[in-house]
2 protein chains.
Amino acid sequence: MSTLKTQYHHGDLTKSLLDSAAIIIKEQGVESLSMRKLADTVGVSRTAPYHHFKDKNALLCALAEQGFHEQERILNSLKSEKQQATETFKKYVHAYLEYALQYSETYDLMYGRTLWKAGNPSDSLKTASKQTFKAWIDWVEELQEKNILPNNNTPLRIGQTTWASLHGLARLFIDGIYLDKEDLSDMVEQMIKNLCSTST
Amino acid sequence: MSTLKTQYHHGDLTKSLLDSAAIIIKEQGVESLSMRKLADTVGVSRTAPYHHFKDKNALLCALAEQGFHEQERILNSLKSEKQQATETFKKYVHAYLEYALQYSETYDLMYGRTLWKAGNPSDSLKTASKQTFKAWIDWVEELQEKNILPNNNTPLRIGQTTWASLHGLARLFIDGIYLDKEDLSDMVEQMIKNLCSTST
DNA sequence: CTTCTATCTTGACAATGTCAAAATGAAAAC
DNA sequence: GTTTTCATTTTGACATTGTCAAGATAGAAG
């Protein structure tokens, strides 16, 4: 009954695995996450994780999925603040980049080739990502109506290109191409100018 | 003397390795390039490649470096065409995306985490990338003078954000986030509108 | 022909992902 | 309370990979 470890049945191995994995990738990068070391960290034998996740890919999908939920939480939280929509958008852009850099490894799983190209995105991951994308496009439409984002194309297209721009900036930092994080907020500000209809 | 294979000394193993590796990554992705299979493909023992490249990282760096040279060639070729600078810029954007998609695996090595974050970019790779970046920034300056790109910031900043946008678009396709390549040219057109000062 | 040296090979090891079969223990059925 | 069942975990095993160390080979230089 005690919540102490070293018992045969672990309690909630699924959760433990996810939590430990999240920490490991945040601190040491996805490439140094091995199923075996993870099992060891959690205090369980090599193959125990395979009874909770089909394979490594499935574990990573679950991590990515958590990221999508977190990101949606961020957007909703910002939208609930009562303020000028322009202000909300600017804050969102900053928040997006901040999230991407702070949880860069999770971000990489969410939007990187590991799962989407080299790997095999799970159905529920696909669902989560589609949902997040849809929420974004809907918001873009609102922003277009308020003349904050350009009206020279459909919400889908504007949403795609706008997001692509943010994503590109995020990736350059995440992947180690841009290293000087001093420049980040400057670049974000410029990006906002590029994206908004009202060039200042 | 004959250029036929199956001789102890291979002839130009360095080049053969690079060529085969380029084909393999293009056809099957970087993650399915193994040193051993590569050696086998080229018809040489497992460890022979290690006398030509310090390790796998070094081989990949060499591939990425070729990519930078190729990309610079593309830019120079476009700039040498006598035409409106606006036209040249538009063509460049299209060409950039085309290159990124056609040689997506090389592109990933050039600008992805494999080498820059998880790996260890060689000095000559760093040099090549810096050179390419500098050529880009110089051109951005010209484009600003001609009022094609916005003048509300330095060439460096505008170059960074503009490139980030292109890169982001490229990555979303490359990494399998955007799948519908029908939409590509549409999105590129919209991206150009976002980036240029003269919104149409 | 001998020696040198660049090039290539064989042997070996550790790390990894993951399958199959056996062991364990808690809960359900009796 | 005993037995049965089933989810959970373990041990054993295997193939793939990157890479090191030591030896083999052959063409060039003397």
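Residue numbers start from 1 in every chain, and the chains themselves are labelled A, B, ... in the order their sequence lines are given, proteins ahead of strands.
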message = Quick check: B/Y103 with B/Y107 (ring centres under 6.0 Å apart)?
response = no

query = Does the gap between the ring centers of A/Y96 and A/W136 come in under 6.0 Å?
reply =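 Judged by ring-centre distance (under 6.0 Å), A/Y96 and A/W136 do not meet the cut-off.
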
ask   = Where the side chain of B/D55 is concerned, which of C/dT9, C/dT18, D/dT19 is the nearest nucleotide?
value =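 Of the candidates, D/dT19 comes closest.
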
message = Can you identify which nucleotide, out of D/dT9, D/dT19, C/dC8, has its nearest atom closest to the A/H52 side chain?
response =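 Selected nucleotide: D/dT9.
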
Rounded distance (Å) that lies between atom [atom2] of [N] and atom [atom1] of [X]:
{"X": "B/F53", "N": "D/dC20", "atom1": "CZ", "atom2": "C1'", "result": "19 Å"}
{"X": "B/Y50", "N": "D/dT17", "atom1": "OH", "atom2": "P", "result": "11 Å"}
{"X": "B/K56", "N": "C/dA15", "atom1": "NZ", "atom2": "P", "result": "18 Å"}
{"X": "B/L60", "N": "D/dG18", "atom1": "CG", "atom2": "C1'", "result": "12 Å"}
{"X": "A/L13", "N": "D/dT9", "atom1": "CG", "atom2": "C1'", "result": "9 Å"}
{"X": "B/D40", "N": "D/dG18", "atom1": "CG", "atom2": "P", "result": "13 Å"}

message = Applying salt bridge (Lys or Arg N to Asp or Glu O under 4.0 Å), can you list everything that pairs with A/K134, at least two apart in sequence or on another chain?
response = A/D138

query = Want to settle it: does A/M35 or A/H51 sit nearer the 5' end of DNA chain C, counting the closest nucleotide to each?
reply = A/M35

task = Please check if the side chain of A/W116 supplies one atom and the backbone of B/I174 the other of a donor-acceptor pair under 3.5 Å.
result =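 No; zero donor-acceptor contacts below 3.5 Å.
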
query = Does a donor on one side chain and an acceptor on the other come within less than 3.5 Å for B/T132 and B/Q71?
reply = no

request  = State, without any angle test, whether B/Q190 and B/N194 hold a side-chain donor-acceptor pair at a distance under 3.5 Å.
outcome  =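 Per modelled atom types, B/Q190 and B/N194 side chains form a pair under 3.5 Å.
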
Atom of A/K146, atom of A/A85 and distance for their closest heavy-atom approach = CD-CB, 3.7 Å

query = At under 4.0 Å between heavy atoms, what does B/L38 touch on the DNA or RNA strands: base, sugar-phosphate, or nothing?
reply =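 Result for B/L38 = nothing.
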
message = With side-chain contact (heavy atoms from CB on, under 4.5 Å) as the test, pick out the partner of A/K90 among A/V93, A/T86, A/T88.
response = A/T86

Taking N or O atoms only and anything under 3.5 Å, show me the protein contacts with nucleotides 12-16 of chain D, one pair per line.
from: D/dG12; atom 1: N7; to: A/R46; atom 2: NH1; distance (Å): 3.1

ask   = Among residues 109-121 of chain A, which contact DNA chain D at a heavy-atom distance under 4.0 Å?
value = none

Chi angles and distances behind the salt bridge (charged side-chain N to carboxylate O under 4.0 Å, His left out) call for B/E105, A/R113 = CA-CA 11 Å; B/E105 300 292 325; A/R113 67 180 284 145; 2.9 Å; yes

